[in-house]
Amino acid sequence: MVGLIANRFLQLVLLLFGISFLVFMSMHFAPGDPATIIGGPTATESDLAAIRAELGLNDPVLLQYFDYIRGVVQGDLGYSFQNNQSVSEAIATRFPQTLNLAIASMVVAILIGVPAGIISAIKQNSWFDVSSTTIALAGISIPNFWLGAMLILVFSVQLQWLPVGGLNAPFWSIEGMKQLILPAITLGTASAAMIARMSRSAMLEVIRADYIRTAKAKGVKRNAVVWIHALRNAMIPVITVIGLNFGFLLGGTIITEQVFAINGVGRLMIDAIAARDFPVVQGTVLLVATLFVVVNLLVDIIYAFIDPRISYD
Amino acid sequence: METLLNVNNLVTSFRTAKEKIQAVRGVSFSVDKGETLCIVGESGCGKSITTLSIMGLLPDNGEISEGSITFQGQELTKKKEEEMRRHRGNDISMIFQEPMTALNPVFTVGYQIMEPLNLHTNLGKNEKRKRAVELLNQVGLSNPEKTLKKYPHELSGGMRQRVMIAISLACNPSLLIADEPTTALDVTIQAQILDLIDDLKEKMGMGVLMVTHDMGVVAEVADRVMVMYAGNVVETGTVKEVFENPSHPYTKGLLASVPNVDEEDHSLEAIPGTLPNLNEKIAGCRFHPRCPYAMDKCRKEDPPHFRITDQQQSKCWLHEEVPSHESTHKAYS
Ligand SMILES: Nc1ncnc2c1ncn2[C@@H]1O[C@H](COP(=O)(O)OP(=O)(O)OP(=O)(O)O)[C@@H](O)[C@H]1O
Ligand code: SF4
Ligand SMILES: [Mg+2]
């Protein structure tokens with residue numbers, strides 16, 4: 001286990017180097033000059049030159065990159081071009097909203113996807129199976145922004161049960177939960193659908209396994225055969241899909257935050273890209289990459305818990 | 001000897017997309033206490049489906065459409081699922097062919113052995129543990145305490161089959177059904193496992209119903225043999241009778257095709273042709289397309305079972321003239 005964590009840490013470091021380099025270079029060579037955006041429409045050519053000099057944009061690009069990395073290694077993600085706020089601070093104030101949204105969506109996805117997939121499998125070809133498979137297909141195909149807009153129209157505008165947007169009340173309060181419901185469903189639907197499909201096919205395979213027949217021959221009750229003997233085996237491939245989906249969800253927060261006016265990291269990133277605010281873009285990208293690696297590590301650890309055949313020694 | 005299991009005219013059929021097909025076509029036999037009955041026959045002849053009918057574990061599209069199965073005097077075919085469940089792993093237990101996959105990979109051996117005890121007994125935690133250790137000792141696994149904590153992937157095929165046997169014996173079954181328990185194991189382990197089953201049968205006075213397509217296994221463990229062909233029983237008798245005086249043409253072919261007991265592949269080259277499909281309609285004796293002795297009558301009428309000796313019966317017109325216990329089958333061999 002220690003080996004696994006060390007391995008993942010090394011992987012993370014390499015990944016962060018690679019990603020930061022790519023992002024740095026693509027920002028640098030992309031059209032658009034941060035100085036014009038910072039200086040505004042009235043800035044003169046000399047104003048702009050002064051801004052560039054101040055930001056170090058005239059240095060050779062590799063030097064700029066190494067300066068940046070030196071800072072990151074010391075825990076300094078730099079300062080926003082737009083308002084001089086520290087990037088770590090900007091992320092810290094936005095991150096809780098994004099994390100809440102991602103976790104809530106994952107919970108929605110698992111709570112719907114796993115039972116739906118399993119019931120589909122044990123009642124294969126029943127009306128439940130047919131309708132849930134169809135809904136899952138639809139769920140994967142619906143774009144987030146459209147689903148979000150529809151949910152807002154129905155539940156917020158028409159029925160007025162839930163707020164139209166925002167996410168600022170604490171998530172444990174009633175108000176916070178109300179704010180979280182629609183975005184979580186919007187973001188979680190596609191993942192729920194993917195998890196349901198995987199759970200169904202994994203379960204279908206497992207219930208035909210010889211050890212399931214053994215369990216029945218021992219006199220294990222029907223329900224216990226499914227929920228004890230089959231479930232744990234069927235969850236092994238599903239965990240992988242859940243892990244992958246978490247990464248996918250983090251990406252999805254960008255759109256969902258726009259639709260529901262949530263002040264999260266996704267919006268921070270979009271605004272920063274529009275403003276050519278390099279340090280903020282870099283910081284948010286690095287955050288997402290780190291989360292992705294951490295989630296994968298968690299998945300590997302969970303694996304070892306549910307499947308005794310896996311050991312990391 | 002006291003009769004333990006009595007199967008009478010069992011017909012088991014499957015619903016398929018097109019039609020209803022019969023995999024078992026009126027099979028009758030019995031197993032006594034302390035006796036081993038072997039079912040032999042080539043792949044697809046209905047051996048496993050016969051045993052699964054007894055266990056009440058037929059695939060979803062299968063059902064017992066006729067006949068009766070009595071176990072210790074009780075009719076099993078009329079029992080509800082919950083009543084059948086209380087028999088399974090308790091007084092009727094079953095072991096299967098695939099030791100490598102028959103144990104659940106995510107649970108310890110200990111959990112899997114104690115599970116039938118949880119289901120069918122009121123033993124306390126410590127008693128169950130003690131019983132599990134005792135069972136592992138009984139099936140010849142050294143270091144039982146340690147084995148209890150192991151997962152199936154940490155054991156060899158032979159050890160897993162021993163664990164399976166321990167599981168099946170947990171509640172002292174009266175009837176043990178073993179469907180090709182040694183087919184997947186190599187020859188030395190195979191002999192050990194058969195010895196073990198035989199030993200335990202003697203000690204516990206169980207009836208054993210063993211499925212195999214290996215005549216070598218039959219010679220080693222069976223008291224009586226039942227030969228199946230295409231869903232029918234074609235011959236029954238004691239091992240001695242069937243091996244020394246096989247009466248049904250199919251049995252003769254089966255015995256002639258055993259090249260060497262120790263060889264893996266007992267192909268039936270001595271009997272040309274293949275088993276008919278389940279949906280194939282065959283008038284008369286279902287074996288006639290492959291039978292070297294087939295007569296006109298065989299193509300028209302299905303033969304009943306003719307009694308050859310006290311124990312031996314043959315479903316073949318060749319034995320029609322046999323008046324009583326007098327055997328004339330030697331004339332045809
Ligand atoms: N669920 C099912 N639906 C339709 N037919 C089935 C089903 N299960 C088994 N059968 C058929 O029933 C027949 C008997 O099968 P069975 O498993 O009893 O054969 P067997 O004698 O045990 O053969 P083997 O030696 O290969 O194990 C076969 O023709 C098989 O194809
Ligand atoms: S009844 Fe006829 S066809 Fe059938 S086994 Fe006997 S001789 Fe052969
Ligand atoms: Mg079989």
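All heavy atoms count here, side chains included; hydrogens, waters and symmetry mates do not. A note on names: the letters A, B, ... follow the listed sequences, proteins ahead of strands, and every chain is numbered from 1.
- Using a 4.5 Å heavy-atom cutoff, the side chains of B/Val106 and A/Ile306 are not in contact.
- Note: A/Lys216 NZ to B/Met94 CE = 12.5 Å, rounded to the nearest 0.5 Å.
- Residue-environment remark: NZ (B/Lys79) exceeds the threshold of 12 foreign heavy atoms within 6.0 Å.
- Within 6.0 Å of CZ in A/Phe128 there are more than 12 heavy atoms belonging to other residues, nucleotides or ligands.
- Within the 3.5 Å criterion, the main-chain N or O of A/Ala217 finds no donor-acceptor partner in the side chain of B/Arg88.
- Electrostatic pairing of A/Arg213 and B/Glu98 counts as a salt bridge here, judged by a charged N lying under 4.0 Å from a carboxylate O.
- Looking at B/Met164, the atoms closer than 4.5 Å to chain A (heavy atoms on both sides) all sit in the side chain, from C-beta outward.
- Few gaps surround CD on B/Glu154; more than 12 heavy atoms of other groups in view lie less than 6.0 Å from it.
- The neighbour count for A/Ile174 CD1, taken as heavy atoms of other residues, nucleotides or ligands under 6.0 Å away, does not exceed 12.
- Geometrically, A/Arg309 does not engage B/Tyr151 in a cation-pi contact, judged by NZ or CZ lying under 6.0 Å from the ring centre and within 45° of the ring axis.
- Although no hydrogens or angles enter the test, the distance criterion places no donor-acceptor pair under 3.5 Å between the side chain of B/Thr101 and the main chain of A/Asp210.
- A/Asp307 has its side chain out of reach of B/Pro105: every pair of non-hydrogen atoms, C-beta onward, lies at least 4.5 Å apart.
- Using a 4.5 Å cut-off between heavy atoms, A/Ile228 touches chain B through backbone and side chain atoms alike.
- Here the closest heavy-atom approach between residue A/Arg232 and residue B/Phe107 is recorded as NH1-CE2, 3.8 Å.
- The number of heavy-atom neighbours closer than 6.0 Å to CG of B/Asp60, taken from other residues, nucleotides and ligands shown, is 12 or below.
- Shown here is B/Arg85, whose CZ atom has more than 12 heavy atoms of other residues, nucleotides or ligands within 6.0 Å.
- Interface residue B/Leu103: only backbone heavy atoms are found under 4.5 Å from chain A.
- Closest non-hydrogen pair, A/Thr214 versus B/Ala102, comes out as OG1-O, 2.7 Å.
- No part of B/His87 comes within reach of chain A, as not one of its non-hydrogen atoms sits under 4.5 angstrom from that chain.
- Looking at A/Lys218, its side chain does come within 3.5 Å of a backbone N or O of B/Gln112 through a donor-acceptor pair.
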